[in-house]
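Scroll down for the structure; my scribbles are underneath it.
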Protein chains: 2
Amino acid sequence: MSAPGEQRKRRTTSYSRAGADSSRKHVDSDGTKGQQTRERLLKATAVILTEKGYSGTRLGDIAKRAELQAPAIYYYYDSREALIEEVVRRGQQSAQEHVENALAQLPEGTPLLERIRCAVEEHLRVVLDLSEFTTAAIRNMGQLPEGMRQQIRSDHKNYGALWQRLFEEAQANGEIRADVDVTAARLLIIGALNWSPEWWTPRVCDIDDVVAAALALTSGLVTDQ
Amino acid sequence: MSAPGEQRKRRTTSYSRAGADSSRKHVDSDGTKGQQTRERLLKATAVILTEKGYSGTRLGDIAKRAELQAPAIYYYYDSREALIEEVVRRGQQSAQEHVENALAQLPEGTPLLERIRCAVEEHLRVVLDLSEFTTAAIRNMGQLPEGMRQQIRSDHKNYGALWQRLFEEAQANGEIRADVDVTAARLLIIGALNWSPEWWTPRVCDIDDVVAAALALTSGLVTDQ
DNA sequence: GTCTATACTAGGATAGAC
DNA sequence: GTCTATCCTAGTATAGAC
């Protein structure tokens with residue numbers, strides 16, 4: 001008999017972010033409600049992914065955080081992998097889009113060094129502030145299973161190429177010291193930014209302080225005037 | 001029914017460096033061979049840990065790489081956790097020891113900036129070249145289970161404090177720009193170094209190039225002369 | 001010390017009720 | 001859309017032979 005007998009309540013609700021006013025009559029019989037659940041699911045996955053890593057990300061934990069039962073996930077995604085993949089893809093994309101967008105905003109003749117500073121600042125802000133998806137993507141990029149890696153990889157390459165171009169031109173241009181390996185420099189900088197979610201919290205310092213420090217470091221590459 | 005009486009083992013597992021007895025007599029009877037296996041095990045664990053992350057690290061994979069069968073691991077360690085814990089602890093320690101040692105080597109009056117450069121270079125070399133344990137420790141620090149974190153955390157704090165001291169004194173001293181948050185700067189730099197195993201391979205560039213680039217970045221913090 | 005065989009459990013996934 | 005029940009594989013760990 002499988003008597004339930006225990007009736008576990010799963011109402012833990014450690015959720016504080018109750019932004020969306022969801023207590024409506026019936027949120028509508030088409031699409032909308034499902035779409036919200038989908039978003040909750042993605043966001044929950046991003047958080048767990050960041051905390052626990054790829055392999056440590058359990059559907060049960062995701063479900064708990066998204067406030068539904070694990071099997072419900074399969075209504076939205078075909079598999080754990082499909083869900084995770086979308087999170088990572090989004091994270092990758094939103095960083096790239098955000099930075100490209102900021103760069104595009106700069107006036108025509110902006111010096112390369114200034115463009116680089118802009119990219120540094122914006123990447124950092126995405127990572128620390130704007131997108132938990134990006135954080136999740138970064139943290140887990142290295143341990144994704146081979147299959148998933150392929151598609152993501154190409155986006156990743158593009159983004160890297162964008163940076164690389166900026167650095168190479170800046171060096172060719174004399175704005176960056178001729179004696180540094182720009183590839184190493186670029187990867188070190190991006191690394192510094194990517195690692196920041198590991199230590200930064202609002203309690204450590206203001207985001208603007210991090211930005212300022214990152215820009216200071218970047219200026220170490222500048223040709224001495 | 002059949003519920004077997006709770007026979008839980010509570011091996012406390014504070015594995016601390018089993019007395020490295022290293023008997024030298026002959027290699028097969030006692031001691032030595034086991035010690036070698038133990039080292040293979042640790043090294044294999046470090047590699048898998050770096051590649052797959054904490055949760056993705058399976059005893060089966062470790063065993064395979066160390067060329068034995070999974071259950072044999074239990075002859076050396078009480079649990080998967082105990083094994084992983086030793087790897088992480090070692091990684092943490094060897095970074096700290098290596099850097100402290102290099103710093104101690106510097107002549108008495110060495111300027112703080114020079115000490116910082118030294119720390120940057122040595123930390124980078126440990127991470128890229130000298131210790132796969134350190135890489136494993138760094139990559140997984142963030143996703144270790146709560147229990148394991150405690151002990152490791154304190155070592156980690158010490159190491160961070162060592163760096164922080166250097167930076168604060170350098171700033172108080174006027175060697176580092178007064179307008180940067182040294183905590184942020186320090187964490188960004190260490191982050192850049194810590195992230196490097198993620199992208200660096202001998203094919204990307206020479207380690208010395210990475211070191212040079214890291215030092216160039218560091219110089220961005222220097223007060224303008 | 002290291003193996004084979006096996007007990008046990010967690011967690012991904014499916015079926016089908018509501 | 002979301003749930004409960006359940007299947008099934010993979011992975012930790014133990015027993016005990018060699």
Side-chain angles (χ1 to χ4, degrees), chain A residues 1-11 22 24-41 44-45 48-49 52-85 145 148, chain B residues 1-11 13 18 21 23 26-41 44-45 48-49 52-85 145:
Chain A
M1 314 283 270
S2 67
E6 261 295 337
Q7 191 62 347
R8 273 169 285 176
K9 287 205 126 195
R10 271 286 143 74
R11 229 16 86 146
S22 53
R24 201 149 282 238
K25 253 192 173 176
H26 52 73
V27 187
D28 210 329
S29 33
D30 54 46
T32 312
K33 181 181 172 198
Q35 197 51 38
Q36 284 171 351
T37 306
R38 192 180 223 105
E39 291 303 321
R40 269 193 351 262
L41 220 38
T45 304
I48 308 280
L49 219 37
K52 303 283 189 58
Y54 174 75
S55 300
T57 296
R58 315 287 179 212
L59 291 181
D61 296 336
I62 294 172
K64 191 167 169 184
R65 191 175 203 100
E67 293 177 283
L68 41 59
Q69 298 304 310
I73 294 174
Y74 288 90
Y75 177 79
Y76 297 95
Y77 292 91
D78 287 335
S79 68
R80 170 181 176 275
E81 288 218 339
L83 169 56
I84 291 179
E85 182 167 349
M148 202 179 294
Chain B
M1 291 289 228
S2 81
E6 302 275 344
Q7 69 161 80
R8 205 150 297 179
K9 290 226 309 182
R10 268 294 150 65
R11 286 243 152 244
T13 326
D21 179 33
S23 50
H26 45 21
V27 192
D28 59 300
S29 280
D30 44 39
T32 310
K33 181 179 172 202
Q35 197 51 36
Q36 284 171 351
T37 306
R38 194 182 221 103
E39 291 303 323
R40 273 197 345 266
L41 221 38
T45 305
I48 308 280
L49 218 39
K52 304 283 189 59
Y54 175 76
S55 300
T57 296
R58 315 286 180 212
L59 291 182
D61 296 336
I62 294 172
K64 190 166 170 187
R65 189 173 206 101
E67 292 178 283
L68 40 58
Q69 298 302 309
I73 294 175
Y74 289 90
Y75 177 79
Y76 297 96
Y77 293 91
D78 288 335
S79 67
R80 172 180 175 276
E81 288 218 341
L83 169 57
I84 291 179
E85 182 167 348

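From a predicted model like this one, the values you see are computed outputs, not experimental measurements. So that the names make sense, note that chain A is the first sequence line, chain B the second, and so on, each numbered from 1.
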For this session: Give, for atom CZ of B/R58 and atom CZ of B/R80, the distance between the pair rounded to the nearest 0.5 Å.
Result: 7.0 Å
For this session: Supply the atom-to-atom distance A/R38 CZ to A/Q36 CD, rounded to the nearest 0.5 angstrom.
Result: 13.0 Å
For this session: Compare side-chain N and O positions of A/Y75 against OP1 and OP2 of D/dG1 and report whether any pair is under 4.0 Å apart.
Result: yes
Exercise. Roughly how many Å is it from CG in B/L83 to C1' in D/dT12, rounded to a whole number?
Worked result: 13 Å
Exercise. Along nucleotides 11-18 of chain C, 5' to 3', which nucleotides get a B, which get an S, and which get a -, given that the test is a protein heavy-atom distance under 4.0 Å?
Worked result: SSBB----
Problem set entry | Between C1' of D/dA10 and NZ of B/K64, the distance in whole Å | 15 Å
Exercise. Just checking, is any N or O donor in the side chain of A/Q35 or A/Y76 under 3.5 Å from an acceptor N or O on the other one?
Worked result: no
Seminar exercise, completed: Here the distance between atom P of D/dT2 and atom CD of A/Q36, to the nearest Å, is 10 Å
Exercise. Got a second to check how far A/E81's CD is from A/I84's CD1, nearest 0.5 Å?
Worked result: 7.0 Å
Exercise. Taking atom CD1 of A/I73 and atom OG1 of A/T45, what is their separation to the nearest 0.5 Å?
Worked result: 6.5 Å
Exercise. Taking OH from B/Y76 and C1' from D/dA13, how many angstroms apart are they, rounded to a whole number?
Worked result: 18 Å
Exercise. With respect to the side chain of A/K33, which nucleotide from D/dT4, C/dC3, D/dT2 is positioned closest?
Worked result: D/dT2
For this session: Send over the distance from B/Y54 OH to D/dG11 P, rounded to a whole Å.
Result: 15 Å
Problem set entry | Separation of C/dG1 C1' from B/Q35 CD (nearest whole Å) | 14 Å
Problem set entry | For atom CD of B/Q69 and atom C1' of C/dT4, their distance in whole Å | 9 Å
Exercise. Can you tell me how far the OG1 atom of A/T37 sits from the OH atom of A/Y75, to the nearest 0.5 Å?
Worked result: 9.5 Å
Exercise. Roughly, in whole Å, what's the span from CD1 in B/I73 to C1' in D/dT14?
Worked result: 14 Å
